[in-house]
Amino acid sequence: MKTIQYIIGAASVAVALSAAQSCKPKSADTAISGDAAAKTYVAPGKYDEFYNFVSGGFSGQLSVYGIPSGRLLRVIPVFSMDPEKGWGFSEETKPMLNTSHGNVPWDDLHHVQLSKTNGENDGRWVFVNGNNTPRLARIDLKTFRTAEILELPNSGGNHSSPFITENTEYVVAGTRFSVPMDEVDGDVPINTYKKNFRGTLSFVSVNQQDGNMDIAFQIETPGVNFDLSRSGKGPSHGWFFFSCYNTEQANTLLEVNASKNDKDFIMAVNWKKAEEYLKAGKGRKVKVKYAHNKYSEESHTSTSEIKNEVVVLSSKELKDLCYFIPCPKSPHGIDIDPTGEYMVSSGKLAALIPVFSFSKMIKAIESKSFEGDYNGIPVIKYEAALYGEVQKPGLGPLHTEFDGRGNAITTMFVSSEIVKWNIKDLKVIDRQPTFYSPGHLMIPGGDSKKPDGKYVISYNKITKDRFLPTGPELAQSAQLFDISGDKMQLILDFPTIGEPHYAQAIRAEKVKDQSLKTFKLEANKHPYASRGEGETKIVRDKNKVHVYMTAIRSHLTPDNIEGVKMGDEVYFHVTNLEQDWDVPHGFAVKGASNGELLVMPGETQTLKWVPDRVGIFPIYCTDFCSALHQEMSGYVRVSPASSKVALVGNTGTNLPAE
Amino acid sequence: MKKTLMLIVAGVILYACGQKTGQTGDNAETPQKPAVTEYDPQRGEGKFTNVEISERLDAQMAASGKQIFDLKCSSCHKLTDEKLVGPGWQGVSTKHKPEWIMNFITNPDAMIDKDPQLQAQLELCLVRMPNQNLSDDDARHILEFMRQNDGVQ
Ligand SMILES: [Cu+2]
């Protein structure tokens, strides 16, 4: 019996071996060459070449990596509460997560866009999208913190976002899930999709001084699913391109029903024309409800404003605003090359990659080379806009970025590889396996006029055997390739947080020197700031107790608080008096049904605490700050509601009670 | 040609001297040895070599110094000789030279690493004085406030 088992075992090993040999290289050993380690080695104390901003997908956060080392530098909380940094827990940050639905403490963050000037990354801001409860966020690269979150009305999922124009004039947001417009009664049968459901494309303007966003206008479209988008640049500046699927307008089993048509569409939007229509008053004012949240680094507080109106332009009624270009089949990415002439569209169910020509598209529009219309929008003839097709690139083409040397690199989800091809002759130059199932890929500046074509990173959806097993789920992974030579060379795997959906990267020099080190205490305009220990105090306002507290290495003032009573709401307003780089203090209270605070030097943050019982409650600093960090603590005494204990706070008065 | 060479040599020397060896990551190519310069315990180390003070107090400067003290210093220092987190300020302006004080409060990390008196103090307090990001004027005004605290009229 044992012998038989042994023989079967040996046979299966032999089968496995021969199978492995006959396939394309799928193991790390075959893909790695000798100098990979040297290419990604960044010595201790040395800096990386690039900041890599990587979406955290369903974690709702944005992570920052150094490239080429793959070091995790920072996780920036955006749409999700983050107890590590007090984001969504402090009174100051709670309004940032407000929406028309109330507090929505999570989202699905998919795409990342660095702000641009003249079509190049400029290092001012990063924009990201919330896919679930449609939102846009702006992160300030001086502080690496979320400065603004804007909700989008008339939208059922904000996937096609936050892509931007070449001077950051607009950030766009296209609906993934069409829904009835907010102004009409949405209580309709779901199978009336064709009649009642609409898509919208929001054009959000960006103030060039302070970065503040505002919904300039929305374009109402037929009900389809918008997937991704990119703006034109150079000659195509003034146009925006959106990929759409489900032109079948199915409302159920999309897997089958939205994959029937041979061709879906790329929608080309003339946004300069839209501006003209807007000026001419052709927009329709629509009643909506959405939240607009801003964080101020001067008052260290945020505000949430509910707004009630947007202007909507009709894609059907306004001529020359929108055109459709047929595109095989369920297109996913739409990417514009550095010259602004070529539009690469990847039909994820197609076995080819169509490349459209902007100048041909314009000629087709001028000569009215249309094959008909779709819901009143002209459909340009496929051949009239087509530059050519990349034949047999691989299976499941999704996204393309550009190396700035005339080449494009495209991810193949189904065949798990990245493929490099030449834009002019459309010939495949190189293909390398990825592990496994790549979604987006990223070349630093790879969507800009001037790509930094040294590396490409593939963001993979499946990790499987790449890292030590950690139970049923593994961290999703990024894979760094050196693309400076003819052959793309895999040089590093690194794990990521959530889903690394899309990412962008920028040369470190464009960001690092403007990075803020401290907030100036003198400039702290927080209404509850203590500018110096002399300003600390405790103020009762009915059942609200405001503790004006300071933190400096290594004590809190006051650190003994008495006179708090059951039924009170206690607000600890903690000002960090440090003025040195990288010396935050934390603050926590025993039993608080809240998170902690993490207070940057010069900043004030507030923790709300409602005591649940009588007794003594320790408070302490959570961020190890000095040799006497363990001493950085204190007590709050909570007395019964009827108690006559006086409200006092002090530090350093160690009197015996007798 | 010679001039260019000279410039390059000068540049190299400057570069070598410019390397910090402090505790912050300075992204040096390779760790450089600090330039061999004697530490002057009278003057300390920093940008101030010769601070002019007059016999009489500048009351305006002292008032500004008091404001900065309230904001950035008072949580650790008393104005008496009593130690809180750090030593009390009484007598500090007569014990140390003006340059030493202004260098220390604007450049604490480097001086704590080198100054024998500060190292002794660190053993007592166990807390490194934080860099409170004072401007040159801030430092001068604090010095004047210290002088006022020590009885200068
Ligand atoms: Cu602390």
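None of the values given here were measured: they were computed from a predicted structure. Note on naming: letters A, B, ... go to the chains in the order of the sequence lines (proteins, then strands), and numbering restarts at 1 for each one. Computed from heavy atoms alone, side chains included, the values below leave out hydrogens, waters and symmetry copies.
By the 6.0 Å contact criterion, OH on A/Tyr620 is open, its count of non-hydrogen atoms from other residues, nucleotides or ligands being 12 or less. Within 6.0 Å of NZ in A/Lys510 there are more than 12 heavy atoms belonging to other residues, nucleotides or ligands. The number of heavy-atom neighbours closer than 6.0 Å to CD of A/Glu298, taken from other residues, nucleotides and ligands shown, is 12 or below. Counted within 6.0 Å of NZ on B/Lys83, heavy atoms from surrounding residues, nucleotides or ligands total more than 12; the atom is thus considered enclosed. The environment of B/Glu123 atom CD is sparse: at most 12 non-hydrogen atoms of other residues, nucleotides or ligands sit within 6.0 angstrom.
Considering only heavy-atom pairs separated by less than 4.5 Å from chain A, the leading option among B/Val127, B/Leu71, B/Asp70 is B/Leu71.
For the pair B/Gln132 (side chain) and A/Leu577 (backbone), a donor-acceptor distance under 3.5 Å is present.
Considering only heavy atoms from C-beta on, B/Asp109 comes within 4.5 Å of A/Asp580 through its side chain.
Neither the backbone nor the side chain of A/Thr575 comes within contact range of chain B, judged by heavy atoms closer than 4.5 Å.
Taken from SG in B/Cys76 to NE2 in A/His555, the straight-line distance is 5.0 Å, to the nearest 0.5 Å.
A side-chain hydrogen bond (donor to acceptor under 3.5 Å, both in side chains) with B/Lys72 holds for exactly one of A/Glu522, A/Glu578, A/Glu533; it is A/Glu522.
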